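In what follows, a structure is listed as structure tokens, so that the remarks can point back to it.
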Amino acid sequence: VQLVESGGGLVQAGGSLRLSCAASGFTFDGYAIAWFRQAPGRQREGVACLDTDTGDTDYLFTVKGRFTISIDNSKNTVYLHMNSLIPEDTAVYYCGAEPLSAGWYSGRPWYEYDYWGQGTQVTVSS
């Protein structure tokens with residue numbers, strides 16, 4: 001079981017990036033997928049999450065309207081579309097996966113997720 005993030009990089013404020021989280025060894029069916037981020041000196045925080053059974057999504061209030069989480073089942077990949085980026089979005093972004101059968105809920109803390117990727121750096125310059 002492996003998750004691999006990609007798509008990070010350096011972008012100017014106001015720009016956009018699309019992060020990808022590709023799964024291997026399992027499919028996302030029956031899982032909740034979440035994007036978290038961690039900036040230096042700060043705790044890891046949930047940014048967006050997706051219930052793959054219902055299609056329900058939830059977002060950190062500071063990214064609502066700017067970020068969108070989506071899934072391409074044919075590619076077994078979850079995306080995080082990030083628009084109108086601001087310097088405060090600078091962080092390492094991680095995707096996590098958790099079986100819905102484990103009692104997942106949108107506010108589930110990062111340390112309760114079973115599977116993680118290695119992270120991808122996003123840097124937004126002012």
Side-chain angles (χ1 to χ4, degrees):
V1 173
Q2 189 176 15
L3 297 175
V4 178
E5 300 101 333
S6 61
L10 173 64
V11 64
Q12 288 189 330
S16 299
L17 284 173
R18 186 186 75 169
L19 306 184
S20 300
C21 173
S24 60
F26 76 110
T27 67
F28 283 135
D29 289 345
Y31 278 79
I33 313 302
W35 284 96
F36 290 80
R37 67 186 181 188
Q38 188 164 18
R42 302 192 66 176
Q43 290 192 346
R44 190 171 298 192
E45 63 178 355
V47 174
C49 58
L50 168 69
D51 178 325
T52 60
D53 278 358
T54 65
D56 290 343
T57 59
D58 199 8
Y59 297 90
L60 180 69
F61 74 97
T62 57
V63 308
K64 276 185 179 178
R66 300 190 296 121
F67 292 10
T68 303
I69 188 171
S70 66
I71 187 169
D72 185 335
N73 288 303
S74 69
K75 296 181 178 179
N76 211 27
T77 299
V78 170
Y79 301 99
L80 184 67
H81 307 262
M82 306 187 296
N83 298 316
S84 302
L85 285 161
I86 60 177
E88 290 76 15
D89 294 321
T90 295
V92 178
Y93 284 70
Y94 301 88
C95 65
E98 174 73 5
L100 291 165
S101 60
W104 178 83
Y105 57 97
S106 66
R108 196 173 188 91
W110 66 268
Y111 48 82
E112 294 187 4
Y113 278 72
D114 285 348
Y115 306 116
W116 287 99
Q118 81 290 351
T120 185
Q121 175 71 47
V122 171
T123 303
V124 184
S125 63
S126 57

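Note: hydrogens, waters and symmetry copies are ignored here, and every other heavy atom, side chains too, is used. In what follows, residues are counted from 1 in the order of the sequence shown. Being a predicted model, the structure only gives us computed values, none of them experimental.
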Can you list, pair by pair, the side-chain donor-acceptor contacts under 3.5 Å of residues 7-32, counting residues two or more places apart and other chains?
residue: S16; atom: OG; partner: N83; partner atom: OD1; Å: 2.9

Hey, is the main chain of V124 close enough, under 3.5 Å, to the side chain of T90 for a donor-acceptor pair? yes
Are the side chain of E45 and the backbone N or O of R37 linked by a donor-acceptor pair below 3.5 Å? no
Partner of F36 under ring pair (Phe, Tyr, Trp, His ring centres under 6.0 Å), chosen from Y111, Y113, W110: Y113
I need the minimum non-hydrogen distance between [X] and [Y], along with the two atoms involved.
| X | Y | answer |
| --- | --- | --- |
| L50 | G55 | CD1-O, 3.8 Å |
| D114 | P99 | OD2-CD, 3.5 Å |
| D58 | S106 | OD2-OG, 3.2 Å |

Contacts under 3.5 angstrom, residues 60-71 side chains, donor-acceptor by atom type, not counting sequence neighbours:
residue: R66; atom: NE; partner: T62; partner atom: O; Å: 3.4
residue: R66; atom: NH1; partner: S84; partner atom: O; Å: 2.9
residue: R66; atom: NH1; partner: D89; partner atom: OD2; Å: 2.7
residue: R66; atom: NH2; partner: T62; partner atom: O; Å: 3.0
residue: R66; atom: NH2; partner: D89; partner atom: OD1; Å: 3.1
residue: R66; atom: NH2; partner: D89; partner atom: OD2; Å: 3.4
residue: S70; atom: OG; partner: H81; partner atom: NE2; Å: 2.9

Spell out, yes or no, whether [X] and [Y] are grouped together once hydrophobic residues are joined by side-chain heavy atoms under 4.5 Å, including indirect joins.
| X | Y | answer |
| --- | --- | --- |
| Y79 | I33 | no |
| V92 | V122 | no |
| V1 | W104 | no |

For residues 115-126, which residue pairs pass the side chain to side chain donor-acceptor pair (under 3.5 Å) check, not counting sequence neighbours? Q121-T123
Is there a side-chain contact (heavy atoms from CB on, under 4.5 Å) between Y94 and Q38? Walk through the geometry before answering. CA-CA 8 Å; Y94 301 88; Q38 188 164 18; 4.3 Å; yes
